[in-house]
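A short write-up of the structure that comes next.
One-based numbering along the sequence shown. Note that the structure is predicted; figures quoted are calculated from it, not measured.
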Amino acid sequence: MAVESPRGAELKGAAADAGAAESTEVTADIEAAGKGPGTARDTPGGPEHENGSAAAAETPSGDAGNGTAKADMKDGAPSGGDTGDGRGHGEAAEDEAGGATAAAPDPPTRGLLGRRIAVWIGARATGTWARTRRHPIFSVIIATAALLRVVAMVGYQPAMFFNDSFDYLHVAMGLYPHPLRPDGYSFLLWALKPFHSFALVAAVQHLMGLAMGVMIYALLRRKFGLPGWGASLATVPVLFDAYQIQLEHLVLSDTTFTFLVMCAVTLLLWHDRPSWKIALAIGLIVGFSWLTRSVGAPVLLGVLAFMLVRRMGWRTMAVTAAACALPVLSYMTWYKVDSGKFAITESNGIFLYARAYKFADCHKMHGLPVSEYPLCTEPANRLPNSQDGIWNAASPLNRFPGTRFSPENNAASNDFAKRAILAQPGDYLKVVAHDFFRVFRWDRTVFPDKATYSQYEFGTKSNALPDWRMDADSTASGEARAYEHGDARTRVIEPFAGVMRGYQDAVYLRGTMLGGVLLLGLGGIVALWRRFGGEALLPWTLATGLLLAPAATAEFDYRYVLPAVPLAALAAGMAFTPEVRHRLDGWWRRLRGRPGPAGKLDVPSEPVGQKVPEVTAG
């Protein structure tokens, strides 16, 4: 006959409560882990879990642990089981005698963890497969687009570089406010620098490209009611354009900027009446896009104008504007501390001078200060492209002493350009229109020169990194090697590189096609003119603005076209929403002289009203 220990006497009443509570907790964890695509029948323990009749009596282990302790309870005390703290009577006696033994790990706990992990993985796999079956066309499109990007990453390792890449990289190696471009993209490179991998930078940008396709599909399918094939078709210009894939593979800011703008647009369109938290997020995203590319400033104006038209309220607009100002003003303060001027860059005036350089005639500009005479150029001596006014060795900017992007040069160039525009508004509009409509040409010609244009294509050979002097202590190639912790030169790997070159020759969005996409979006806006174009007004105006801004402030460039494509594709897809199709169908019927279908009224078979029971005389 077993002698009960003093400890066992103290725990006689607690053991039953502890065993039941712990067993119930374990079972509840199992049920929570098993929930997902399955039901209560799929959880360990069978149907009994539905009514709780056996939940406290069984555990996943089936033979040991707290569930067994409760099953073996007799007269309120464990018979040959635990004392309530995980030890048997013999172990408790040994502990009291000084011969303590180490408690063994609880097998049911390890089994529970493994089971929960397996259930989680199974639930995720089942959910992914279910989503794939619900969206078969888009699943094929996104998988093919991902495969193309993998081929590009294998064919051109670790990434591809443009002239501007090394300015962004220089800032990432030692953060400071750059006078030419804002540092938003350099912050991304700086954040990824501990990984020492340009391949990772390219992978992140390719994921951004895929995410933009997902955003377009989700909005058109879930928010605006397009069929699966229609929403999938709208993603093709973004996911399959070879030049878009190549831009994602370049160490450049354009993909990050486009991704941020698409995130802001998606948030705004997804919520008809955004809360202050959503407005805060939209403002912050637009602010970071502004710090990624200066053309983000018009994006803020477009977002606020859309909120005003849609009557989202002054509070929402104020929160958005304040949230956008937060990162921008912080950056400008940093610039002030570093350079002594409250600004984002020292290049806006110089780029505007490049625009005016194409037509400026000092003979027509009255009251021009003598200090700006060196910026004048006779028409016969003018270089062919606007950007020659900045980068060419014969640029008039080189007539000034000091650095090209100095505060003095920027102020003089800005004043000169504004005087030229005011004195020659017709000539200014002519060059802006020329560059804007150049976007929609069918043929993709070499521009501005062969050396620059070749950097927008998948090449046939590996070019050495430039040895430009970035500062007194570093070169472009040296900083690229330091960032990579190895050779950063682009390696061309066949046959994968050849696949991408052949693909780029055949599959890309021609300018005329982009014009057609914009016209489709415009058609949807016109159909809803009574509602100021509906929701499509936002992506369409932003797309058009992103195409117009470079033509108005700098010059046409192929890389400036691509950020407008996702927005234009989204606006075109929104032109086929049920509301727009119904409105266009009504117009078509009126043009053909046919009345629209009369709406059917639900006429009740009996008169509406409460029946009064008849009262018979008794």
Side-chain angles (χ1 to χ4, degrees), residues 153 156-205 246-247 249-256 292-293 334-335 338-339 345-347 350-351 387-388 390-395 397-398 400-407 409-410 448-493 557 559:
M153 291 189 65
Y156 293 88
Q157 302 179 20
M160 300 180 71
F161 297 92
F162 190 78
N163 292 339
D164 298 347
S165 303
F166 304 100
D167 284 331
Y168 294 119
L169 182 60
H170 181 60
V171 175
M173 298 302 291
L175 293 179
Y176 74 99
H178 198 283
L180 177 57
R181 301 177 183 88
D183 289 354
Y185 182 65
S186 295
F187 293 154
L188 174 64
L189 296 179
W190 175 81
L192 297 177
K193 186 171 66 171
F195 299 97
H196 300 294
S197 175
F198 283 114
L200 177 61
V201 174
V204 169
Q205 294 180 171
Q246 197 268 347
L247 185 64
H249 206 57
L250 283 167
V251 182
L252 278 179
S253 63
D254 301 80
T255 300
T256 303
T292 303
R293 274 191 58 192
W334 181 40
Y335 199 101
D338 183 83
S339 304
T345 64
E346 287 288 359
S347 61
I350 293 176
F351 279 109
Q387 64 174 296
D388 290 329
I390 302 177
W391 307 112
N392 196 288
S395 166
L397 287 172
N398 292 328
F400 289 101
T403 59
R404 182 176 303 172
F405 292 96
S406 65
N409 285 359
N410 187 61
D449 52 64
K450 186 176 181 180
T452 302
Y453 183 80
S454 64
Q455 297 179 76
Y456 294 141
E457 294 194 316
F458 291 110
T460 58
K461 61 180 181 179
S462 174
N463 296 320
L465 296 178
D467 287 326
W468 303 327
R469 180 65 61 181
M470 304 305 298
D471 57 28
D473 302 320
S474 60
T475 62
S477 58
E479 290 190 329
R481 286 191 295 268
Y483 188 94
E484 183 73 9
H485 269 203
D487 186 12
R489 177 175 179 171
T490 304
R491 300 183 298 278
V492 180
I493 310 298
D557 197 293
R559 61 182 273 210

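- Rounded to the nearest 0.5 angstrom, Leu169 CG and Glu479 CD are separated by 5.5 Å.
- Here the closest non-hydrogen pair linking Ala202 and Pro158 is CB-O, 4.2 Å.
- Annotation for His249 and Met153: closest pair CE1-CA, 3.6 Å, computed over non-hydrogen atoms.
- Scored by the ring pair (Phe, Tyr, Trp, His ring centres under 6.0 Å) test, Phe166 finds Phe161, Trp468 as partners (sequence neighbours excluded).
- In this structure a side-chain-to-backbone donor-acceptor pair under 3.5 Å is missing from Ser347 to Ile350.
- The shortest distance between side-chain heavy atoms of Asn463 and Thr490 does not fall below 4.5 Å.
- In this structure, Ala480 and Ala488 approach most closely via the heavy-atom pair O-CB, 3.6 Å.
- No side-chain heavy atom of Tyr156 sits under 4.5 Å from any side-chain heavy atom of Ile493.
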Start with the C-alpha gap between Leu180 and Asp167, add the side-chain angles, then the distance that decides, and say whether side-chain contact (heavy atoms from CB on, under 4.5 Å) holds. CA-CA 9 Å; Leu180 177 57; Asp167 284 331; 4.0 Å; yes
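- Asp471 and Ser474 are linked by a side-chain donor-acceptor pair at a separation below 3.5 angstrom, with hydrogens and angles left out of the test.
- A donor-acceptor contact shorter than 3.5 Å is absent between the side chain of Ser406 and the backbone of Gly402.
- The shortest side-chain heavy-atom distance between Val201 and Leu188 does not fall under the 4.5 Å cut-off.
- Shown here for Phe198 and Glu484, the closest heavy-atom pair between the two residues is N-OE1, 2.8 Å.
- Tyr456 contributes atom OH, which lies 3.5 Å from atom CZ of Phe162 (distance to the nearest 0.5 angstrom).
- With hydrogens and angles left out, the side-chain atoms of Thr475 and Asp467 include no donor and acceptor closer than 3.5 Å.
- Here the side chain of Gln455 pairs a donor or acceptor atom with the backbone of Asn163 at under 3.5 angstrom.
- Judged by distance alone, the side chains of Thr452 and Asp449 do bring a donor and an acceptor atom under 3.5 Å apart.
- Two rings, from His178 and Tyr185, have their centers 6.0 Å or more apart.
- At least one donor-acceptor pair under 3.5 Å links the side chain of Ser165 to the backbone N or O of Val251.
- Few gaps surround CH2 on Trp391; more than 12 heavy atoms of other groups in view lie less than 6.0 Å from it.
- Using a 4.5 Å heavy-atom threshold, the side chains of Lys193 and Tyr483 count as touching.
- In this structure, Gln387 CD and Asp557 CG are separated by 7.0 Å, a value rounded to the nearest 0.5 Å.
- Listed here is the closest heavy atom pair of Leu252 and Leu247: CD1-CD1, 4.3 Å.
- Aromatic ring orientation, Phe405 versus Phe351: tilted (interplanar angle from 30° to 60°).
- Tyr453 meets the side-chain hydrogen bond (donor to acceptor under 3.5 Å, both in side chains) test with Arg444; sequence neighbours excluded.
- Looking at Ser462 and Arg489, their side chains come closer than 4.5 Å, going by heavy atoms from C-beta outward.
- The residues Arg481 and Asp487 are annotated as not salt-bridged, no charged nitrogen and carboxylate oxygen being separated by less than 4.0 angstrom.
- From Met470, atom CE reaches atom OG of Ser477 across 10.5 Å, with rounding to the nearest 0.5 Å.
- Proximity of Arg181 to Asp183: side-chain heavy atoms (C-beta onward) are nowhere separated by under 4.5 Å.
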Can you check side-chain contact (heavy atoms from CB on, under 4.5 Å) on Phe187 and Leu175, steps first, answer last? CA-CA 8 Å; Phe187 293 154; Leu175 293 179; 4.0 Å; yes
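- The local environment of CZ in Phe195 is sparse, with at most 12 non-hydrogen atoms from other residues, nucleotides or ligands closer than 6.0 Å.
- Without hydrogens or angle criteria, Gln157 side chain to Val492 main chain gives no donor-acceptor distance under 3.5 Å.
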side-chain contact (heavy atoms from CB on, under 4.5 Å) between Leu200 and Gln205, intermediate numbers included: CA-CA 9 Å; Leu200 177 61; Gln205 294 180 171; over 6 Å; no
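- Looking only at side-chain heavy atoms (C-beta outward), Gln246 and Met160 come within less than 4.5 Å of each other.
- You'll find the side chain of Arg404 reaches within 4.5 Å of the side chain of Ile390, heavy atoms only.
- Scanning all heavy atoms of the two residues, the minimum distance from Asn398 to Ala393 falls at ND2-O, 2.9 Å.
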